[in-house]
2 protein chains.
Amino acid sequence: MTESALTPEQILRATEDVLRRYGPAKATVVDVARALGVSHGSVYRHFASKAALREAVTERWLDRAHRELAGITAEDGPAADRLHRWLLALFTAKRRKALDDPELFATYTALIGQTASTVVERHLETLVGQLAAIVADGVAQGVFAACDVRAAARAVFQATARFHDPCHAAEWTDPRTDADLEAVWALLLNGLAAR
Amino acid sequence: MTESALTPEQILRATEDVLRRYGPAKATVVDVARALGVSHGSVYRHFASKAALREAVTERWLDRAHRELAGITAEDGPAADRLHRWLLALFTAKRRKALDDPELFATYTALIGQTASTVVERHLETLVGQLAAIVADGVAQGVFAACDVRAAARAVFQATARFHDPCHAAEWTDPRTDADLEAVWALLLNGLAAR
DNA sequence: CGAATGACAGATTTCAACATCTGTCATTCA
DNA sequence: TGAATGACAGATGTTGAAATCTGTCATTCG
């Protein structure tokens, strides 16, 4: 057994730990290397830059956090109900991450607004894609009005920004927030409905 | 004529100039006093604190910026059209301020998330109140479904957060933004409509 | 030979001494 | 007498020198 093989996977796990411990502002590549008992030069053999490392960690984290959503997308069943549960699950997951995993959440938000943050863009496109799939099902089921499915998905995503965009994270502890999401959902459901 | 009477109005104007010149991070009460040719102690005779001064300036600025909206609220005419124009006017005004008056816009955003920022809260309540008035007209005209008007107004306000909340200001230069607002508007109009 | 090292240059961050600012108040001024 | 002043203490911000970090690469190691 090659005890000492340094794998990207190991590095990512160590980076995640270091980020959680020190936060994105303080965490250094030297810290990561120290946690692994190697020189920091070794880390650069596997990741081109500190930024690339942070992005890779964030990508894994996002994938894990939102796996549940893909499940709802793939389900059969009434589209309206699935859309409702999808939006709730997205909000719940985001809020939980913001509260339970603040340092990785901060790492994610720091990535936003970065020039050429492919990871965040891809993540958002994935989410809108999942929404579009559910909306398309709804149209096929005859419960949603025929429309440009992609545009409708985008509109739903933007109309619920208050409940998933990290720039609103501070508002998520407001006790009215759950009721607010339901109110917006009622409006959107009505807006999408076939008549 | 009492040449040297120091009025709150003068102080507010001078503060606005200083904020525009130096930005909220650099502007000091000493700067304001210097601009007026008085000692900074005099400013504290009229405003309890630097924070109070900033809030007063911001309040005036918000009132001026959104006077147009009150006009649309007070109009007669089809509620759906007025609601559409009100949302467009809000977005246009916000975006213009963010671009043309960045330092005062920054002063405003800095006020958000401050503990006990009465000014921002009042401002938001005013806006939701105006929305509610238009929605109520729509219900009276029979074009909007009967509903809890206040809750519906709040939902519309939150569903359009992407287009008026300062935390989204960076996204407002995206060329798709106008189309996005129209798409969300279409959804909301449908959602409010009587059937 | 490929993986790891550690020394290195330039960029960034820390830290502590210093300067400025905020808010108060006893005093001055008109 | 009420508005304005300026000196002051404590808080906050600035600055530049020292420490640390990022990213590279010639060298070592297995």
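Letters A, B, ... mirror the listed sequences (proteins, then strands); counts begin at 1. As a basis for the values below, the full set of heavy atoms in this structure was taken, side chains included, without hydrogen atoms, waters or symmetry mates. Since this is a predicted model, take the numbers as computed values, not measurements.
Following rounding to the nearest Å, A:Tyr22 (OH) and C:dT13 (P) show an atom-to-atom distance of 18 Å. Taking atom OH of A:Tyr44 as the reference point, atom P of D:dG23 lies 4 Å away to the nearest angstrom. Between B:Asp31 atom CG and C:dG23 atom P the separation is 14 Å, expressed in whole Å. Rounded to an integer number of Å, the gap from B:Leu53 CG to C:dG23 C1' is 13 Å. We find that CG of B:Leu6 is positioned 16 Å from P of C:dA30, with the value rounded to whole Å. Following rounding to the nearest Å, B:Lys50 (NZ) and C:dT22 (P) show an atom-to-atom distance of 4 Å.
For the pair A:Arg34 and A:Ala48, both in contact range of DNA chain D, the more 5′-proximal nearest nucleotide belongs to A:Arg34.
A:Thr73 contributes atom OG1, which lies 7.5 Å from atom CG of A:Leu131 (distance to the nearest 0.5 angstrom).
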Quiz item: What string of B, S and - do you get for nucleotides 5-13 of chain D, 5' to 3', if B is base contact, S is sugar-phosphate-only contact and - is no contact with any protein heavy atom under 4.0 Å?
Solution: BBB------
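Of the candidate nucleotides C:dT22, D:dA4, D:dT22, D:dA4 has the atom lying nearest to any side-chain atom of B:His46. Residue A:Thr28 places its side chain closer to D:dT22 than to any other of C:dA4, D:dT22, C:dC21.
Ring pair B:His84/B:Trp185 is parallel by interplanar angle, where below 30° counts as parallel and above 60° as perpendicular. Using cut-offs of 30° and 60° for the angle between ring planes, the A:His123 and A:His66 rings count as parallel. Ring pair B:His164/B:Phe157 is parallel by interplanar angle, where below 30° counts as parallel and above 60° as perpendicular.
Take A:Arg154 and apply the salt bridge (Lys or Arg N to Asp or Glu O under 4.0 Å) test, not counting sequence neighbours, and it matches B:Asp180.
Residues B:Lys26 and B:Glu103 are not paired through a salt bridge, judged by the lack of any N-O separation under 4.0 Å between the basic side chain and the carboxylate.
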